[in-house]
Amino acid sequence: MRRDTQLDALRAIAVTMVMYSHFFAAGGSSFWGHIGVRLFFVLSGFLITRLLLEARSAAEFEAGPALKSFCIRRALRIFPPYFAVLGFVWLVDLEQSRGSLIWHALYLSNFWYALRNEWTPWVLCHFWSLSMEEQFYIAWPLIVLLVPRRRLESICIGVILLSLSYRFYWPIAGTPALARDLLPPASMDALASGALLAAWPSRSAALPQWLRLGWPAFAAAFFVLQWLSPGPAYSVQEWGRWLLLQILPLAPLVVVVASCSSGIGGHIGRLLDLSPLLALGRISYGVYLYHPIVLSLAVTSQPWIPVNVSEQGPWRFLVAGAATIIPASVSWLVFEKPLNSLKRHFPYVAKGARAGVQPRVNTSDGGWVGRTAGAYPGDGHKPPLMRDLHRTDRI
C-alpha cells in the first residue's frame with residue numbers, strides 16, 4: 001500500500017509557503033510562495049493523471065462515463081466553496097471586486113490580471129492559479145482517457161517543451177508583464193511534470209537516474225540564483241535569471257512528490273506524518289481560498305486587534321493565518337465534506353468492473369482539492385475534530 005498520506009503534508013507545506021508570502025514576506029511576495037504554487041501544480045498533475053490511468057486500467061473501462069464522473073466529482077469538490085467565496089465578495093463588494101467577478105466565475109482570473117497587468121482586485125488575485133488548473137483540465141482528461149496509452153509520456157514531454165519554449169519566447173519578443181507568468185503555457189510545465197510522473201511507473205518503478213542524482217544540484221542552483229542580484233531591469237541577465245528560477249525547481253518538486261507518494265521513512269517521514277500537518281493539508285483548499293478574504297477583514301478590524309496586522313510581518317502571519325484555519329476547518333466539516341460524500345454516486349468505473357482492476361491507492365482528485373489515500377493508524381486516540389479533519393478519505 002502506497003503511503004499517500006504524506007502528500008497531505010506536502011499540501012500543508014505548500015499552503016504555508018503561500019501564506020508566508022502573502023502575510024509575512026516584504027511586499028507580499030516571495031520565492032517561497034512561488035514554490036508553493038508550483039508544488040500544488042505538480043501534485044495536481046500527478047494525482048489526477050494517476051487517478052484517470054487507474055480508471056482506464058479497469059477491464060470494463062468506458063471513456064464516456066469516466067469523463068462524466070470526473071467532471072461531476074471535480075465540480076462537487078471545488079465549485080461549492082469557490083462560488084461561495086465569489087458570492088460573499090459580491091455581497092459585500094469586498095475591495096470593490098464586483099466588476100471582475102464574471103471573469104473569476106468563468107475561471108478566467110489569470111486572463112483578467114494579465115490583460116490589466118496589475119493585481120487589482122488583490123483580494124481575488126490568488127484565483128489565477130485555480131483558473132490555470134481548470135484551463136488545463138478542459139483538455140487533459142480527454143487526452144489521458146482517449147489517446148493510446150503508449151503515447152502519454154511523449155505528450156507530457158511535448159507539453160513541457162511547449163511551456164519551456166513559451167518561456168524562452170518572452171525574453172526575445174515580449175515585454176515584462178504579468179502575462180508572462182499568467183497565460184496558460186506558463187504553468188503547463190509543472191502540471192505536465194506531475195502528469196509525467198504518474199505515467200512513468202508503467203515503464204519502471206524508479207525515477208530516471210539523472211533525476212534521482214541531479215535534483216540536489218537543481219535545488220542548490222535555484223537557491224543560489226534566488227539570492228543573487230537580478231541585475232538591471234529588462235537586461236539579458238534579469239531575463240536569464242527569471243527563466244532559470246521558473247525551470248530549476250521542477251526536478252526537485254517532482255522528486256519530492258514521488259518520494260512522498262511512495263512514503264518517506266526515518267525522521268523526515270515521522271515529521272510528515274504528524275497529525276496537525278496532515279490536518280492542515282486536508283483543509284488546504286479552503287485555506288488557500290479564504291486567506292486573502294480573511295486578511296482583508298483582519299485589516300479592516302485593526303482598531304479592535306491589539307497587534308499590528310495592517311503590515312506584513314510576524315503578527316499578520318500569526319493572526320491572519322490562525323484566523324484563516326478556523327473558517328477553512330468549519331467549511332470542510334459542515335459544507336465541503338457532506339458534498340464531497342456525494343462522489344460515491346459517481347464512480348469512474350461501473351460497479352461490475354471493480355473486480356477487474358486493483359487500484360494502487362485511493363487517490364486524490366487534485367493538488368488542492370483531492371483526497372489522499374489509505375489508512376491513518378491510531379485515529380481512535382485523536383480528538384473528534386482532529387479525526388474528522390484527518391480522515392477525510394471516508395466517502
Side-chain angles (χ1 to χ4, degrees), residues 6-44 85 95 113 119 122-130 132-133 178 181-182 187 190 219-220 222-228 230 242 245-246 248-250 252-253 256-257 260 268 271-272 274-299 301-302 305 307-329 331 367-369 389:
Q6 291 183 355
L7 296 184
D8 273 343
L10 289 188
R11 290 190 184 94
I13 293 169
V15 81
T16 301
M17 289 178 176
V18 172
M19 286 198 295
Y20 167 82
S21 180
H22 291 167
F23 292 167
F24 193 102
S29 178
S30 79
F31 72 94
W32 289 116
H34 170 74
I35 292 298
V37 172
R38 298 282 274 175
L39 175 55
F40 274 131
F41 283 151
V42 174
L43 274 168
S44 183
V85 169
E95 305 295 335
Y113 292 112
W119 293 112
W122 68 265
V123 77
L124 295 175
C125 66
H126 60 308
F127 276 25
W128 76 267
S129 57
L130 303 176
M132 194 82 79
E133 277 206 22
L178 289 180
D181 292 312
L182 296 185
S187 295
F222 171 83
F223 285 109
V224 169
L225 276 175
Q226 182 60 49
W227 277 293
L228 290 178
W242 171 77
L245 288 177
Q246 304 301 311
L248 288 173
L250 283 178
L253 292 178
V256 167
V257 171
C260 288
I268 294 177
L271 287 175
L272 293 174
L274 288 174
S275 296
L277 195 63
L278 297 176
L280 178 59
R282 178 61 48 223
I283 62 171
S284 58
Y285 179 49
V287 172
Y288 189 82
L289 275 178
Y290 305 140
H291 79 277
I293 313 298
V294 172
L295 175 59
S296 177
L297 297 175
V299 172
S301 305
Q302 177 64 83
I305 300 176
V307 296
N308 184 12
V309 297
S310 298
E311 298 177 350
Q312 296 288 101
W315 285 118
R316 172 180 278 192
F317 179 74
L318 291 173
V319 173
T324 300
I325 291 174
I326 296 172
S329 301
S331 173
W368 272 275
V369 300
L389 291 178

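Numbering of residues begins at 1 and proceeds along the displayed sequence.
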Original post:
Atom CD of Q6 and atom CD1 of I268: how far apart are they, to the nearest 0.5 Å?
Top reply: 10.0 Å
Subject >> All pairs passing salt bridge (Lys or Arg N to Asp or Glu O under 4.0 Å) where residues 21-40 contributes a residue, at least two apart >> reply: R38-D189
Subject >> L248: partners by side chain to side chain contact (heavy atoms under 4.5 Å, CB included), with sequence neighbours left out >> reply: F218, A221, F222, L225, L244
Original post:
Can you list every pair that meets salt bridge (Lys or Arg N to Asp or Glu O under 4.0 Å) and has a residue in residues 284-298, with sequence neighbours left out?
Top reply: none
Original post:
Looking at S187 and W128, what are the two nearest heavy atoms and their distance?
Top reply: OG-CZ3, 3.9 Å
What pairs of donor and acceptor atoms, side-chain ones from residues 21-32 against any protein atom, are under 3.5 angstrom apart with sequence neighbours left out?
unit_1, atom_1, unit_2, atom_2, d
S21, OG, S30, N, 3.0
H22, ND1, H291, NE2, 2.7
S30, OG, W32, N, 3.2

Original post:
Considering residues at least two apart in sequence or located in another chain, which fulfil the side chain to side chain contact (heavy atoms under 4.5 Å, CB included) criterion with A14?
Top reply: L39, F40
**OP:** Check the pair L43, L253 against side-chain contact (heavy atoms from CB on, under 4.5 Å), reporting the backbone distance first and the verdict last.
**Re:** CA-CA 9 Å; L43 274 168; L253 292 178; over 6 Å; no
Original post:
Is there side-chain contact between L277 and L271, with at least one heavy-atom pair below 4.5 Å?
Top reply: no
Subject >> Between OG on residue S329 and CG on residue L280, distance to nearest 0.5 Å >> reply: 8.5 Å
Subject >> Atom pair CD1/CG of I283 and L289 - distance to nearest 0.5 Å >> reply: 12.0 Å
Original post:
Side chains of Q246 and D181: closer than 4.5 Å at any heavy-atom pair?
Top reply: yes
**OP:** Go through the structure and list residues passing side-chain hydrogen bond (donor to acceptor under 3.5 Å, both in side chains) with Y113, not counting sequence neighbours.
**Re:** none
Original post:
Is there a donor-acceptor pair closer than 3.5 Å between any side-chain N or O of S296 and the backbone N or O of P292?
Top reply: no
Original post:
Can any side-chain N or O of S129 pair as donor or acceptor with the backbone N or O of H126 at less than 3.5 Å?
Top reply: yes
**OP:** Write down the atom of G286, the atom of A328, and the distance for their closest heavy-atom approach.
**Re:** C-CB, 3.8 Å
Subject >> Test side chain to side chain contact (heavy atoms under 4.5 Å, CB included) applied to V299 - qualifying residues, sequence neighbours left out >> reply: L295, S310, R316
Original post:
Which salt bridge (Lys or Arg N to Asp or Glu O under 4.0 Å) pairs, counting each pair once, include a residue from residues 317-327, with sequence neighbours left out?
Top reply: none
Original post:
Restricting to pairs with a member in residues 21-36, which pass salt bridge (Lys or Arg N to Asp or Glu O under 4.0 Å), not counting sequence neighbours?
Top reply: none
Original post:
Between atom SG of C260 and atom CD1 of I13, what is the distance when rounded to the nearest 0.5 Å?
Top reply: 7.0 Å
Original post:
Looking at residues at least two apart in the chain, or sitting in another chain, which of them share a side chain to side chain contact (heavy atoms under 4.5 Å, CB included) with I326?
Top reply: none
Subject >> Rounded distance (nearest 0.5 Å) linking atom CG of L130 with atom CZ of F127 >> reply: 6.5 Å
Original post:
Can you name the closest pair of heavy atoms from Q302 and V307 and give their distance?
Top reply: NE2-O, 2.9 Å
Original post:
At what distance, to the nearest 0.5 angstrom, does CG of L245 lie from CZ of F223?
Top reply: 10.5 Å
Original post:
Just wondering, more than 12 heavy atoms not from W122 lying within 6.0 Å of its CH2?
Top reply: yes
**OP:** Taking all heavy atoms of S44 and all of E133, pick out the closest pair and write down the distance.
**Re:** OG-OE1, 3.0 Å
